[in-house]
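Everything numeric here is computed off the predicted structure, so don't read it as measured data. Below, all heavy atoms of this structure are taken into account, side chains as well, without hydrogens, waters or symmetry copies. Every chain is numbered from 1, with letters handed out A, B, ... down the list of sequences.
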Amino acid sequence: MEKKNYHEQVYEVTQMIPEGRVSTYGIIADYLALGSARMVGWALNKSFSSENQIPAHRVVNRKGELSGRVHFSTPTLMQELLEAEGITIVNDKIVGLESVLWKPWEDEEED
DNA sequence: GTGATGACGCAGT
DNA sequence: GACTGCGCCATCA
């Protein structure tokens, strides 16, 4: 088990997301080569049971919709957390998604 | 061991 | 432009 499980890598990437930024399942799935965006959502869902606290509220679907808000303590918690970071949410969707969108390889700066 | 489901994404209609 | 169906891989019943 020296090799990290794919969901641990999801935790790492999610924790790498800076404040005021968000990422998408598709981006993370592509970055980790999971092959399925569902795996990312599933991994984040398990993150609530993990010791590590994952800012899952910074992860949304490809459309920028807060699809996973229902998994939070309250369906509005996710939106409030994002708005608290300066992100505007309208109709449960991120405004100016591309402006706040963050990519793992962007921080890695892989040239 | 099989079937169904899931915080999604894409192609086709 | 919106909706439907299928695929992705792992977990649960």
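- Two residues are said to be in side-chain contact when any heavy atoms from C-beta on lie closer than 4.5 Å; A:Glu65 and A:Asp92 fail this criterion.
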Do any N or O atoms of the protein come closer than 3.5 Å to N or O atoms of nucleotides 11-13 of chain C, and which pairs are they?
none

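- A distance of about 16 Å separates the P atoms of B:dA4 and C:dG5, rounded to the whole Å.
- Residues A:Val10 and A:Ile54 are not in side-chain contact: their nearest non-hydrogen atoms beyond the backbone lie 4.5 Å or more apart.
- Residue pairs meeting the ring-ring contact (aromatic ring centres under 6.0 Å, His included) criterion with at least one partner in residues 42-82 of chain A, sequence neighbours excluded, are A:Tyr6-A:Trp42, A:Phe48-A:Phe72.
- Residues from residues 69-78 of chain A with heavy atoms under 4.0 angstrom of DNA chain B, sorted by number: A:His71, A:Phe72.
- Note on A:Ala56: a base of the nucleic acid sits closer than 4.0 angstrom, heavy atoms only.
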Under 4.0 Å protein heavy-atom contact, by nucleotide of nucleotides 8-13 of chain B - B base, S sugar-phosphate only: BSS---
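- Per the geometry, CZ belonging to A:Phe48 stands 11 Å off P belonging to B:dA7, to the nearest Å.
- No salt bridge links A:Arg21 with A:Glu85; every basic N to acidic carboxylate O contact stays at or beyond 4.0 Å.
- Test A:Val70, A:Leu66, A:Ile89 against A:Met78 for side chain to side chain contact (heavy atoms under 4.5 Å, CB included) and you get one pass: A:Leu66.
- Taken residue by residue, residues 81-92 of chain A places no heavy atom nearer than 4.0 Å to DNA chain C.
- Listed for the A:Asn91 side chain is no donor-acceptor partner under 3.5 Å among the backbone atoms of A:Lys93.
- Looking only at side-chain heavy atoms (C-beta outward), A:Thr88 and A:Ile94 stay at 4.5 Å or farther from each other.
- The closest side-chain heavy-atom distance from A:Tyr11 to A:Glu51 is not below 4.5 Å.
- By the 4.5 Å heavy-atom criterion applied to side chains, A:Leu101 and A:Lys103 are counted as neighbours.
- Considering only heavy atoms from C-beta on, A:Ser47 stays 4.5 Å or farther from A:Thr14 through its side chain.
- Side-chain contact between A:Ser67 and A:Val60 is absent, with no heavy-atom pair separated by less than 4.5 Å.
- To the nearest angstrom, P of C:dA10 lies 16 Å from CG of A:Asn45.
- Among residues two or more places apart in sequence or in another chain, the ring-ring contact (aromatic ring centres under 6.0 Å, His included) test is passed with A:Trp102 by none.
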